[in-house]
Number of protein chains: 2
Amino acid sequence: MNLKQLSELLGLSQTTVSRALNGYPEVNEATRERVLQAVKETGYRPNKAAQRLATGKAGSIGLVMPTAPGHQSDVHFGEFLAGLGEEAVRHDFHFVIMPADPDDEVAALRRLAISGNVDALFVAYMRGHDPRLPMLKSLSMPYVVHGRSFGAELDYPYLDIDNEGAFYDATRLLLQLGHTRFALMNGQVHLDFAIRRKNGVISALAERGLVLEEDCISHTLMTDEQGLLAMERFLQLPQRPTAILCSSTVMALGAIRAVNQAGLRLGEDISLIAHDDVLPLLKPESFSVPLTTTRSALRAAGVRIAQRLIGTVKQAGPFPDQELWKTELIVRASTGPAPQQP
Amino acid sequence: MNLKQLSELLGLSQTTVSRALNGYPEVNEATRERVLQAVKETGYRPNKAAQRLATGKAGSIGLVMPTAPGHQSDVHFGEFLAGLGEEAVRHDFHFVIMPADPDDEVAALRRLAISGNVDALFVAYMRGHDPRLPMLKSLSMPYVVHGRSFGAELDYPYLDIDNEGAFYDATRLLLQLGHTRFALMNGQVHLDFAIRRKNGVISALAERGLVLEEDCISHTLMTDEQGLLAMERFLQLPQRPTAILCSSTVMALGAIRAVNQAGLRLGEDISLIAHDDVLPLLKPESFSVPLTTTRSALRAAGVRIAQRLIGTVKQAGPFPDQELWKTELIVRASTGPAPQQP
DNA sequence: TACATAATTGAAAGCGCTTTGGGTGCCATT
DNA sequence: AATGGCACCCAAAGCGCTTTCAATTATGTA
């Protein structure tokens with residue numbers, strides 16, 4: 001069933017039926033009713049491809065999903081997507097996900113943009129001096145970046161959390177508790193948030209004249225396993241750190257196991273603060289020793305970004321171009337006063 | 001830049017350029033080279049919407065993502081998607097993800113199909129007597145189901161793992177180790193895999209004349225937190241179970257914490273076998289007590305389903321319509337002989 | 001040399017929708 | 001009676017591609 005058939009069925013022109021369906025005012029209410037009724041009966045749905053070709057609008061936002069045989073999927077990706085989806089479903093938008101080799105992301109993004117399949121783009125996992133940024137700017141298509149790109153000028157639309165502030169505050173708390181030996185379990189070294197978090201730690205330490213030694217920093221994928229390994233390494237250092245900053249609750253999971261296996265007590269021998277993206281599968285408050293965290297819901301960010309993206313496409317009012325969300329520092333039992341020097 | 005402009009630029013007709021681009025044989029190799037060269041220089045990309053309108057093919061597979069403000073995202077979803085993507089990227093396919101309220105899935109699926117946006121559909125999280133099945137059958141569009149629908153006739157294309165066999169084998173192992181008091185931590189009660197896994201346990205027990213008591217079964221979301229709660233409940237039963245079957249390594253995480261908190265030793269006081277979807281963030285072999293698991297890589301299933309779907313759309317050879325994958329039972333340290341009766 | 005055949009290329013007709021630029025009545029105003 | 005304004009509706013022109021059918025040129029055969 002297409003428009004033509006439907007209009008013949010009704011004895012109307014395609015024009016009128018189209019207008020009736022799209023809520024144009026110049027059509028008689030009675031006719032509109034008739035059309036709507038016929039749609040219900042026939043189950044007619046406009047062909048999206050045709051609609052898109054005619055209007056140029058697709059009703060969809062595009063994103064590229066890095067993927068390759070060895071490439072690890074990411075819990076955070078799913079949770080963020082859920083947030084995007086939650087908002088998208090309210091506006092009858094959908095996503096076009098283009099899987100791409102991580103090395104090919106810039107090209108994939110361009111293909112996606114030029115394909116005419118999407119109205120707007122979304123990118124995440126920003127890196128320092130991210131090469132996608134100049135490309136996006138040249139594109140004349142709305143986009144929003146999740147995160148920022150360290151080192152690049154801040155003239156693009158983004159939503160980010162205050163990673164530096166979060167880890168600065170967390171470090172300060174540990175300093176106030178008397179800790180002097182710190183370690184940082186961070187995400188991969190090129191990622192923007194990892195850079196900023198590290199800077200937060202460093203500048204808080206600097207205020208007390210302390211430095212973060214290179215062997216007290218790990219940059220890894222944020223998995224349980226890497227958390228375990230990184231913590232084991234830290235615990236074997238001659239000057240064992242007593243205060244750990246950790247970029248993810250998933251990674252903290254492994255880290256805590258390492259602490260337990262070493263016969264140490266979390267919150268007493270070792271204090272740990274992790275960043276919590278509020279993943280539904282992992283609640284820091286119900287860890288056996290509840291976790292002190294810096295918190296910001298990834299999902300909420302997804303909702304907000306979808307709002308801005310869809311709003312821009314629909315030209316529904318102006319949106320702030322740049323948002324920086326504060327995180328909450330929530331103190332639980334995994335942090336405590338520094339142990340007496342052994 | 002569109003086809004018309006490109007063809008004018010080259011002094012050729014749209015027809016020829018189109019044919020050159022799409023690999024038709026009746027175009028001179030020299031001209032084809034010229035066209036390809038021009039494409040490189042101008043960065044021309046065909047408009048997908050137009051292509052789709054003309055051919056009816058979209059180069060995309062559709063799936064609906066259940067989502068709502070309260071709805072939990074799922075690690076497994078991301079991992080599976082990674083598998084789909086890994087294959088899709090090889091064929092220049094993409095996904096159209098339609099977010100939908102979980103109550104509205106059937107309708108969302110139909111909308112997606114009729115929209116003309118996709119060539120094939122994929123559905124997962126199957127339930128017993130799943131209402132999406134009759135709908136899909138009526139649709140005359142290729143689809144593959146991940147999982148099966150308990151109670152419905154097996155006349156649809158699916159890929160599933162042998163959930164019943166997996167849990168049957170796991171239960172038998174525990175029986176052989178002398179266990180007699182069992183508990184099952186399962187997924188939500190309406191889900192197909194949960195039904196089959198339960199049946200596997202029940203039938204293995206039945207062979208020894210044992211039954212699975214109602215208070216030894218939990219049906220919950222498969223999160224860390226729910227795992228903790230469920231295990232706590234089991235441990236307080238008057239006849240405490242010594243053998244636990246668990247539907248997910250994520251859930252096992254919480255369960256193990258509950259065991260530790262109760263001062264019990266995993267693999268001695270309590271034996272536990274979990275199903276392992278091979279999530280990169282959680283490796284059962286590196287748990288503090290390595291986990292005995294039934295294993296089947298979710299990601300591999302994603303790859304395979306994408307193969308079948310894309311293959312069908314491209315009419316590339318016949319694919320088996322129904323596949324049932326065996327799982328591996330991998331014995332590690334979380335299982336041991338039943339403790340002496342207290 | 002004449003004619004069939006193959007190799008290339010083009011013109012034009014769609015694909016299903018939106019939207020521009022008219023109509024056609026009908027009523028109130030002069 | 002003539003005019004203008006409204007309310008409704010329609011024909012047809014695109015949107016950018018593919019594909020059918022026809023035309024043109026090159027190649028081979030008798």
Side-chain angles (χ1 to χ4, degrees), chain A residues 1-36 38-39 42-60 92 111 113-119 141 313-315, chain B residues 1-36 38-39 42-60 92 111 113-119 141 313-315:
Chain A
M1 170 66 61
N2 58 23
L3 225 213
K4 188 172 173 196
Q5 295 170 326
L6 182 66
S7 61
E8 279 166 1
L9 189 88
L10 284 160
L12 289 168
S13 74
Q14 297 189 38
T15 316
T16 305
V17 177
S18 170
R19 284 208 267 243
L21 290 171
N22 294 311
Y24 281 66
E26 62 265 66
V27 36
N28 192 312
E29 265 317 309
T31 353
R32 191 192 302 276
E33 278 308 314
R34 238 170 30 99
V35 171
L36 261 28
V39 165
T42 59
Y44 165 81
R45 293 276 154 194
N47 179 307
K48 283 277 181 195
Q51 234 167 6
R52 173 170 327 167
L53 189 55
T55 59
K57 296 281 162 219
S60 70
D92 197 25
R111 280 204 302 278
I114 319 192
S115 74
N117 257 330
V118 300
D119 299 323
M141 171 175 285
V313 170
K314 290 192 166 176
Q315 319 222 4
Chain B
M1 169 70 57
N2 58 22
L3 225 212
K4 189 171 172 195
Q5 295 170 327
L6 182 65
S7 62
E8 279 166 2
L9 189 87
L10 283 160
L12 289 169
S13 72
Q14 296 189 37
T15 315
T16 306
V17 177
S18 170
R19 282 205 272 242
L21 259 36
N22 294 311
Y24 281 66
E26 62 265 61
V27 36
N28 191 312
E29 266 316 308
T31 4
R32 193 194 301 277
E33 278 309 313
R34 238 172 28 99
V35 171
L36 260 30
V39 165
T42 59
Y44 165 81
R45 293 278 155 192
N47 179 306
K48 284 277 181 194
Q51 232 165 9
R52 173 170 327 168
L53 188 56
T55 59
K57 296 282 163 218
S60 70
D92 198 24
R111 279 204 304 277
I114 319 191
S115 74
N117 257 331
V118 300
D119 299 323
M141 170 174 287
V313 170
K314 289 193 166 177
Q315 317 222 4

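Below, chains carry the letters A, B, ... as their sequence lines are ordered, and counting in each starts from 1.
Residue Tyr24(B) places none of its side-chain N or O atoms closer than 4.0 Å to OP1 or OP2 of dT9(C). Regarding contacts with the backbone of dG16(D), every side-chain N or O of Asn47(B) stays at 4.0 angstrom or more from both OP1 and OP2. Residue Thr31(B) has a polar side-chain atom (N or O) positioned under 4.0 Å from OP1 or OP2 of dT9(C). Between Tyr44(A) and dC17(C), a side-chain N or O to OP1/OP2 separation shorter than 4.0 Å is present.
Going from atom CZ of Arg32(B) over to atom P of dA7(C) covers 14 Å, rounded to whole Å. Rounded to an integer number of Å, the gap from Lys4(B) NZ to dA11(C) C1' is 13 Å. Protein atom CD of Gln5(A) is 13 Å distant from nucleotide atom C1' of dC17(C), rounded to whole Å. The nearest whole Å value for the distance from the CZ atom in Arg45(B) to the C1' atom in dC17(D) is 16 Å. The interatomic distance linking Leu6(A) (CG) with dT18(C) (P) rounds to 11 Å, in whole Å. Between the CG atom of Leu3(B) and the P atom of dA12(C) there is a distance of 17 Å, rounded to whole Å. For Leu10(B) and dT8(C), the CG to C1' distance is 16 Å, given to the nearest whole Å. The distance between atom CG of Leu53(A) and atom C1' of dT18(D), rounded to the nearest whole Å, is 12 Å.
Looking at heavy-atom distances under 4.0 Å, Ser18(A) makes contact with a base.
The heavy-atom pair separating Ala58(A) from Gly116(A) by the smallest distance is CB-O, 4.4 Å. What you find for Asp119(A) and Gly59(A) is that their closest heavy atoms are OD2-N, 2.5 Å. The minimum heavy-atom distance between Tyr44(B) and Leu3(B), with the atom names listed, is CE1-N, 3.6 Å. Pairing each heavy atom of Leu53(B) with each of Ala50(A), the nearest pair is CD1-CB, 3.7 Å.
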| query | Taking it one step at a time, do Ser18(B) and Asn22(B) satisfy side chain to side chain contact (heavy atoms under 4.5 Å, CB included)? | reply | CA-CA 6 Å; Ser18(B) 170; Asn22(B) 294 311; 3.5 Å; yes

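The listed nucleotides are dG10(C), dG16(D), dT18(D); the one nearest the side chain of Leu12(B) is dG10(C). The side chain of Asn28(A) sits closest to dC9(D) out of dC17(D), dC15(C), dC9(D). Here dA11(C) is the nucleotide among dG16(D), dA11(C), dC17(D) with the atom lying nearest to any side-chain atom of Ser13(B). Counting only heavy atoms from C-beta on, Gln14(A) has its side chain closest to dT18(C) among dT9(C), dT18(C), dC15(D). Comparing atom distances between the Val27(A) side chain and each of dC17(C), dC17(D), dC9(D) picks out dC9(D) as nearest.
Remark: the backbone N or O of Ala38(A) is paired with a side-chain donor or acceptor of Thr42(A) at under 3.5 angstrom.
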Could you write out each protein N or O paired with an N or O of nucleotides 20-22 of chain C at a distance under 3.5 Å?
none

Table of protein N/O atoms under 3.5 Å from nucleotides 23-27 of chain C N/O atoms:
none

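Pairs of residues two or more places apart, or lying in two chains, never qualify as salt bridge (Lys or Arg N to Asp or Glu O under 4.0 Å) while including a residue from residues 2-11 of chain B. Within the structure, the salt bridge (Lys or Arg N to Asp or Glu O under 4.0 Å) test picks out the following pairs touching residues 26-35 of chain A (sequence neighbours left out): Arg19(A)-Glu26(A), Glu29(A)-Arg32(A). Every pair passing side chain to side chain donor-acceptor pair (under 3.5 Å) that includes a residue from residues 47-59 of chain A is listed here, sequence neighbours excluded: Arg52(A)-Asn117(A), Arg52(A)-Asn117(B).
Taking OG from Ser115(A) and CG from Asp92(B), the interatomic distance works out to 9.5 Å, rounded to the nearest 0.5 Å. Here Arg45(B) contributes atom CZ and Leu21(B) contributes atom CG; the two are 9.5 Å apart, rounded to the nearest 0.5 Å.
Axis orientation changes by 60° from one end of the helix from dT1(C)-dA30(D) to dT30(C)-dA1(D) to the other, with each end axis drawn from 5 pairs and the value rounded to 10°.
Contact annotation: the side chain of Val118(A) approaches that of Met141(A) to within less than 4.5 Å [non-hydrogen atoms, C-beta and beyond].
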